[in-house]
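Below: the structure, in structure tokens.
Counting starts at 1 for both ligands and their atoms, in listed order. No experiment lies behind these values; they were computed from the predicted model shown. Because only heavy atoms are used, hydrogens play no part in the values below, and waters and symmetry mates are left out as well, while side chains stay in.
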Amino acid sequence: MKIAILGRGTVGSGVDKIIADGQTPFLKSLSVKSIFVRENKINLDPRNTANYADILNDPDIDLVVETLGGLEPSHSMIVEALNHGKNVVTANKAVVARHIQEFTQLARENNVKFYFESAVGGGIPWIINLERALRIDEIDSIHGIFNGTSNFILDQMTKTGASFDSVLAEAQKLGYAEADSSADIDGYDIENKLCISADIAYNTVVEPGADLLKFGIRNITAADIAYFKEHGWVVKLLGRSFRRVDQFNFVVEPTLFAPGQIEAGVHDNYNYVGLRGTTIGKLTFNGQGAGMLPTAHALVQDIIDIQVQNDHLDRRFDKQLNLDNSTKIMDYIVRTDADLAPLLPDYKVTVDGNYWLVKQINTELIHQTVAKLSGKPFFACINGGAKHESR
Ligand code: HSE
């Protein structure tokens, strides 16, 4: 099968490398015929072109791998590829989260495939297993550590006491971070990945947007990490969503685990993602969530699935669900110099320096309350921890 790659950054180069180095029969039957690059890069490789029509109108090319990232021109280029009868695989979670229904419908109409395994969980075979579980089960919960960069940052800060900025720079050097790293540290990348997962799990469309609660790790300090450690907690940036009948909740927020919990042991650029299904119960996956070769591996798996006609689940995304973030009740730790007690008169609030413990509050209210605080507050949901139980 002859393919074209759009973009020659970290992930596009990874796909080219895996196919070029390929020793398995699957890989030997693939070849990269064209690579779409900027005008000034054309001369670097005879396969390079800056003219997309060369790819669209080449009848030899069966499949387009989109690794440009961002919304445009990726969205238009995927639409054009599908309309020209090319299969498309992509790692671009931002564009998939916003156009999943359109792309899937266009692929169906043009009798080609549109797959996006690498868009969520990097190298983890997550989408395929979510779909596999759905062949039998209803899925009512998806949760996990969906971002390699933020996990790397929190892990390094916890292990070495390093500053946020120095670890972020390292994650960028290692090719984990997005071009705009705010996607990684403010929760937008996890939002995209949780939207895609929820779309599939609930057969609906969850649009990224302000009504989906998000709080990232931009404000975390070495002192916060030290405070959590002292109290027997490890902090992780988590995405989670639950569905009950026709309602679902959706949140991205820092979360505290006891050192013995599995999440606490997820290190470096790894992700840990899971689902809960009717008969399978809790099912989780662990693997590298970011980086050139793990992400490219998942893209090439999609290519091979198309080549061997291993069809993925046919999805319509046509269920209507309502978002409700007021029903999940948890305990939270908030770091702020402000007096939190008058802001939450109906809740049990205790203070320890500038760290406040808020008992049994709903997700929406704690997010709204912290959004009103000035300075650089930080907060985290308490998921476990021995010290917490005794407070
Ligand atoms: N920036 C993303 C992450 C890349 O760190 O998880 C993989 O989606």
Side-chain angles (χ1 to χ4, degrees), residues 6-7 9-15 18 65-71 74 89-98 100 115-128 130 142-157 164-165 167-200 208 214 216-218 220 235-240 252-255 263 266-274 285-302:
L6 311 184
T10 306
V11 177
S13 306
V15 171
I18 288 178
V65 185
E66 189 273 313
T67 67
L68 296 167
L71 298 183
S74 302
V89 303
T90 181
N92 182 341
K93 50 257 155 157
V95 83
V96 176
R98 285 157 186 84
I100 192 168
Y115 294 163
F116 45 87
E117 178 62 72
S118 55
V120 187
I124 299 174
W126 164 242
I127 301 288
I128 194 87
L130 193 53
I142 41 180
H143 52 268
I145 297 168
F146 283 92
N147 182 266
T149 302
S150 55
N151 198 61
F152 181 80
I153 293 172
L154 294 174
D155 190 44
Q156 288 298 310
M157 287 179 80
F164 182 90
D165 290 337
V167 191
L168 172 59
E170 201 183 337
Q172 284 166 327
K173 228 171 34 200
L174 289 166
Y176 301 156
E178 298 301 301
D180 172 3
S181 61
S182 88
D184 294 302
I185 62 179
D186 295 324
Y188 297 106
D189 182 71
I190 301 179
E191 176 186 38
N192 289 332
K193 293 167 175 171
L194 197 57
C195 281
I196 296 169
S197 305
D199 290 347
I200 297 169
K214 296 170 282 290
I217 58 166
R218 177 181 291 275
I220 198 166
V235 62
K236 296 288 174 186
L237 186 56
L238 222 76
R240 58 181 159 79
V252 178
E253 63 187 10
T255 303
E263 287 84 349
V266 178
H267 299 295
D268 303 320
N269 59 329
Y270 277 67
N271 283 189
Y272 174 71
V273 294
F285 302 86
N286 179 223
Q288 291 189 69
M292 177 169 102
L293 292 176
T295 311
H297 177 106
L299 273 162
V300 177
Q301 290 286 11
D302 275 346

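- From the protein, the heavy atom lying nearest to atom 6 (O) of ligand 1 is G148 N, 2.8 Å.
- Under a 4.0 Å criterion applied to the non-hydrogen atoms of D184, ligand 1 contributes the atoms 1 (N), 2 (C), 3 (C), 5 (O).
- Here the straight-line distance linking atom CD1 of I145 with atom NZ of K193 works out to 12.0 Å at 0.5 Å rounding.
- Between I217 and F164 the shortest side-chain heavy-atom distance falls below 4.5 Å.
- Near A290, meaning under 4.0 Å from any of its heavy atoms, are these atoms of ligand 1: 3 (C), 4 (C), 5 (O), 6 (O), 7 (C).
- The distance criterion of under 3.5 Å between nitrogen or oxygen atoms is not met by N271 with respect to ligand 1.
- Atom CD1 of I128 is separated from atom CG of D302 by 7.5 Å, given to the nearest 0.5 angstrom.
- Counting only heavy atoms from C-beta outward, the side chains of F146 and I196 never approach each other to under 4.5 Å.
- For atom 5 (O) of ligand 1, the closest non-hydrogen atom of the protein is T149 OG1, 2.6 Å.
- The one candidate from L194, I142, V96, I127 that meets the side chain to side chain contact (heavy atoms under 4.5 Å, CB included) condition with V120 is I127.
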Trace of the salt bridge (charged side-chain N to carboxylate O under 4.0 Å, His left out) decision for K214 with E191: CA-CA 8 Å; K214 296 170 282 290; E191 176 186 38; 2.7 Å; yes

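- Interface atoms of ligand 1 facing K193, defined by a heavy-atom separation under 4.0 Å, are 2 (C), 3 (C), 6 (O), 7 (C), 8 (O).
- At least one side-chain heavy atom of I153 sits under 4.5 Å from a side-chain heavy atom of I185.
- Each of the following atoms of ligand 1 lies closer than 4.0 Å to a heavy atom of Y176: 1 (N), 2 (C), 3 (C), 4 (C), 5 (O).
- Annotation: the span from K93 atom NZ to N147 atom CG amounts to 7.5 Å, rounded to 0.5 Å.
- In this structure, atom 3 (C) of ligand 1 lies nearest to the protein heavy atom N147 ND2, 3.3 Å.
- For the residues G121, G122, G289, the heavy atom positioned nearest atom 7 (C) of ligand 1 is part of G289.
- From the protein, the heavy atom lying nearest to atom 8 (O) of ligand 1 is K93 NZ, 2.6 Å.
- Protein heavy atom in closest approach to atom 2 (C) of ligand 1: E178 OE2, 3.1 Å.
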